[in-house]
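A short worksheet on the structure shown next.
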Amino acid sequence: MLSPNVTKSRLSFTILGLCVLVGLLFACNQPFDPRGDLDQKPVVFLVLSTDRDVQFVRVERSYVPIGNDPLEYTTDNFVPNATVTMSDGYLTMRFHDTTFSRFDTSRFKFPLRAYAFRPFIPRYGVQYEITAQSSELGTAGGKVIVPTRPSLALGALASDVLNNPGSHQSGDPIPFEVLLSDIAKGFFGRLFIEYSVYHSGEWIDERAEVPVGYTYSGLKDFKYVTYAQPTRRPTSHQMIQAYNNEMYNSALINLAYTKYLTNKIVFNRVVFQFLQVEQNLYDYYLLAHAFNDPHSMRLDQPDFSNIAGGVGVVGAYTLDSLVHPLPENFIYNRQ
């Protein structure tokens, strides 16, 4: 027979176990949110560009949507009355708030607000530091170096192929020689045909991009073509980006004999447009696009930020062009 003390000890242990079990059961009924508590931070986004004379900075608050769908969040998170400045080490420029309309109002119905500075074109090879100060969210900012200017030149026989596409084989290359900036981490080369078409009693200037190939190698239909994409720079500073005469000639034929078969048309020039992207913007682009793979089972989404005191991106790109005028007696001109 057990002593009264042993019986009492076992009874106490049983009661304690029941209390723990009841506590766990009640804990299971508590809602679980994997997002955790919101640590509100300033979100700063700036992309400096050499192809425009106004630069914009977005300063907003971070947020967590109420539901599971972030697209349901439609609140304006713009941070007003912030002091936004940018310095090149010698001069300090202050941005002023501005408002402009949205192209897409399906989600956000209110105008887009940002901070702007104009007229200003960033200089090649210069480092800029952006700072956003707010009484509500404190100070955040980052630095970026604009790539130096690239060197662009037509490669061997490129001029003759561009001027006389019908006199060359479809596989003949149209090479462009490029000397990249040391600062650039990525690049994006595109080839455009600029032309004038007579429509409704007036000449209208337009441009069309030359594809890099067909989507399906066995189906050479201009409806199914692919275009150049941003690419990581090679290890060498020198590179050649080549198009082929087949795609160039197909683009011309599509314009002259499909899109504008009954219109007068004059082909004016060919423009090779070259965009250089520095490291911050390239890394942000890569993470934002490379993981959107429909065949991947990956559940996490990597993030990128180079903002101290907050999140966001301060990046830069340069845009330069090489222009090649086409002859007045170009084979596809129709006046």
Side-chain angles (χ1 to χ4, degrees), residues 45-53 55 86 88-89 120-130 142-162 171-194 207-213 225-245 247-248 251 269-291 302 304-306 313-325:
F45 193 89
L46 163 68
V47 177
L48 294 176
S49 170
T50 60
D51 65 333
R52 61 174 185 262
D53 66 353
Q55 310 300 321
M86 183 171 64
D88 62 1
F120 177 74
I121 300 175
R123 290 177 290 153
Y124 292 87
V126 174
Q127 177 176 275
Y128 294 93
E129 181 175 5
I130 186 75
K143 299 178 181 179
V144 64
I145 302 177
V146 180
T148 54
R149 189 187 297 272
S151 174
L152 308 177
L154 284 171
L157 300 179
S159 178
D160 193 60
V161 177
L162 291 172
D172 286 354
I174 307 174
F176 294 90
E177 299 175 354
V178 180
L179 184 62
L180 282 161
S181 167
D182 292 339
I183 301 168
K185 187 173 182 179
F187 69 91
F188 188 16
R190 307 170 73 185
L191 188 63
F192 294 94
I193 301 169
E194 295 189 349
R207 65 163 24 183
E209 185 174 356
V210 177
V212 295
V225 293
T226 58
Y227 295 91
Q229 298 294 323
T231 307
R232 184 175 183 132
R233 61 162 296 158
T235 55
S236 173
H237 294 172
Q238 295 181 333
M239 60 164 285
I240 293 179
Q241 183 160 353
Y243 284 77
N244 62 64
N245 187 44
M247 301 312 303
Y248 172 57
R269 62 190 67 85
V270 173
V271 178
F272 176 61
Q273 191 180 84
F274 193 75
L275 184 147
Q276 293 183 119
V277 184
E278 51 74 47
Q279 180 175 339
N280 297 335
L281 187 56
Y282 183 80
D283 289 346
Y284 171 77
Y285 170 84
L286 193 66
L287 288 177
H289 292 77
F291 292 93
F304 173 83
S305 174
N306 67 321
V313 176
V314 173
Y317 70 83
T318 63
L319 188 64
D320 297 271
S321 300
L322 186 153
V323 179
H324 176 78

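One is the number of the first residue; the rest follow in order along the sequence.
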Over all heavy atoms of both residues, which pair between [X] and [Y] is shortest? Give the atoms and the distance, please.
| X | Y | answer |
| --- | --- | --- |
| Ile121 | Arg52 | CG1-O, 3.5 Å |
| Ala228 | Val212 | N-CG1, 3.8 Å |
| Gly315 | Leu281 | CA-CB, 4.2 Å |
| Ala156 | Pro175 | O-CG, 3.7 Å |
| Val161 | Pro173 | CG2-O, 4.0 Å |
| Tyr124 | Pro147 | CD2-O, 3.4 Å |

Atom [atom1] of [X] and atom [atom2] of [Y]: how far apart are they, to the nearest 0.5 Å?
| X | Y | atom1 | atom2 | answer |
| --- | --- | --- | --- | --- |
| Phe304 | Leu287 | CZ | CG | 7.5 Å |
| Phe176 | Leu154 | CZ | CG | 5.5 Å |
| Arg233 | Ile183 | CZ | CD1 | 10.0 Å |
| Gln55 | Thr50 | CD | OG1 | 9.0 Å |
| Phe272 | Ile174 | CZ | CD1 | 11.5 Å |
| Leu191 | Leu162 | CG | CG | 7.0 Å |

Review point. Can we call the ring centroids of Tyr285 and Phe188 under 6.0 Å apart?
Key: no

Point to revise | Trace of the side chain to side chain contact (heavy atoms under 4.5 Å, CB included) decision for Leu46 with Tyr128 | key: CA-CA 11 Å; Leu46 163 68; Tyr128 294 93; over 6 Å; no

Side chains of [X] and [Y]: does their closest heavy-atom pair fall under 4.5 Å?
| X | Y | result |
| --- | --- | --- |
| Tyr317 | Val47 | yes |
| Ile145 | Glu278 | no |
| Gln273 | Leu319 | yes |
| Val126 | Val146 | no |

Exercise for review: Tell me, please, which residues at least two apart from Arg190 pass salt bridge (charged side-chain N to carboxylate O under 4.0 Å, His left out).
Suggested key: Glu209

Check your understanding: Which residues satisfy the salt bridge (charged side-chain N to carboxylate O under 4.0 Å, His left out) test with Arg207, sequence neighbours excluded?
Key -> Glu194

Exercise for review: Run the numbers on Asn306 and Gln279 for side chain to side chain contact (heavy atoms under 4.5 Å, CB included), then give the verdict.
Suggested key: CA-CA 10 Å; Asn306 67 321; Gln279 180 175 339; over 6 Å; no

Check your understanding: Taking atom CZ of Phe274 as the centre, does the number of heavy atoms from other residues, nucleotides or ligands within less than 6.0 Å exceed 12?
Key -> yes

Practice item. Please check if atom CG in Leu157 has more than 12 non-hydrogen atoms from other residues, nucleotides or ligands closer than 6.0 Å. Key: no

Check your understanding: Okay, side chain of Gln241, backbone of Gly189: is any donor-acceptor separation there less than 3.5 Å?
Key -> yes

Practice item. Kindly determine whether Arg149 and Thr318 satisfy side chain to side chain contact (heavy atoms under 4.5 Å, CB included), including the steps that lead there. Key: CA-CA 8 Å; Arg149 189 187 297 272; Thr318 63; over 6 Å; no

Exercise for review: Please test His237 against Asp182 for side chain to side chain contact (heavy atoms under 4.5 Å, CB included), starting from the C-alpha separation and ending with a verdict.
Suggested key: CA-CA 7 Å; His237 294 172; Asp182 292 339; 2.5 Å; yes

